[in-house]
Amino acid sequence: MLKVVVLISGTGSNLRALLDGLDEARASDAPIAAEIVAIGADTERANLALGDERGIPTFVVAPGAYPDRAAWGDALLAKVREFGPDLTILSGFMRLVPPRVVDALAPELLNTHPAYLPEFPGAHAVRDALEAGANETGATIMIVDNGVDTGPIIDQRRIAITPDDTEATLHERIKVVERQLLLDTVRHLAAGTLNLKEIAS
Ligand code: GRF
């Protein structure tokens, strides 16, 4: 059973989709041997009810409680490790993970990004694509490294931008694809048909 810890900062709609996808797979004839064993956040404002309503342990490690980023990272890493994950996923986690955390968890540390990397890295990818006047963007799932959205790409899909798109409508369409990339990646990792160390090498 692949043990997964997921870190969020906001609504966690992609996490909700992953939870539902795993439940649906479990009830199907093609179950996915993966379990979300904990949900963590950098803020109490994150939607940790996603864990509470499913009996999944949740935790908050808030940067403001620590003297600096490195100390916060060390506390976050210690908390994640309490659950012994085989895989840690950042899903709308809006903090740059400190190097000691990346070095300890990667390549079993994944993130999704709402653009076709290396296009539009950073925290405003959807808005940046619209402002650039692009006619397409995308969704990417990648291994986290010590850069900003620069890690080895596992998979990505192109998504068209329509003239009447707003940041909200485009981001919603992107998230649908991110959720599929996430579930497919967890499915392949659980089945042993995807090797993160090979991708990261
Ligand atoms: C996703 O598009 C993710 O790629 C980005 O933030 C969004 C998270 O949305 N970093 P949600 O919190 O899962 O709804």
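Both ligands and their constituent atoms are indexed starting at 1 by order of listing.
In terms of heavy atoms, I161 sits closest to A134 at CD1-O, 3.4 Å.
Side-chain contact of N47 with T11: a donor-acceptor pair under 3.5 Å is absent, judged by distance alone. A donor and an acceptor atom, one from each side chain of R179 and T112, are nowhere located under 3.5 Å apart.
Ranking protein heavy atoms by distance to atom 1 (C) of ligand 1, first place goes to E178 OE1, 3.4 Å. Distance from atom 13 (O) of ligand 1 to its nearest protein heavy atom, with residue and atom name: N14 N, 2.9 Å.
Put simply, the side chain of I143 does not reach to within 4.5 Å of the side chain of L109, judged on heavy atoms.
The distance from ligand 1 to the heavy atoms of T112 drops below 4.0 Å at these ligand atoms: 3 (C), 4 (O). Residue-ligand proximity, S13 to ligand 1, at heavy-atom distances under 4.0 Å covers atoms 11 (P), 12 (O), 13 (O), 14 (O). Atoms of ligand 1 lying under 4.0 Å from any heavy atom of G92, numbered from 1 in the order shown and given with element: 6 (O), 8 (C), 10 (N).
Salt bridge annotation for D20-R54: present, with a cationic side-chain nitrogen under 4.0 angstrom from a carboxylate oxygen.
Within 6.0 Å of CG in D29 there are 12 or fewer heavy atoms belonging to other residues, nucleotides or ligands.
The shortest N or O to N or O distance between H171 and ligand 1 is under 3.5 Å. In terms of polar-atom proximity, defined here as any N/O pair under 3.5 Å, R179 makes no such contact with ligand 1.
The residue from E119, Q156, E178, H113 that alone fulfils the side chain to side chain donor-acceptor pair (under 3.5 Å) condition with T140 is Q156.
Judged by the shortest distance from any of its heavy atoms, R16 lies outside the 4.0 Å radius around the atoms of ligand 1. Look at I8 and you'll find every heavy atom at least 4.0 Å from all atoms of ligand 1.
Distances from atom 12 (O) of ligand 1 to the heavy atoms of A115, G12, A17 show the closest one on G12.
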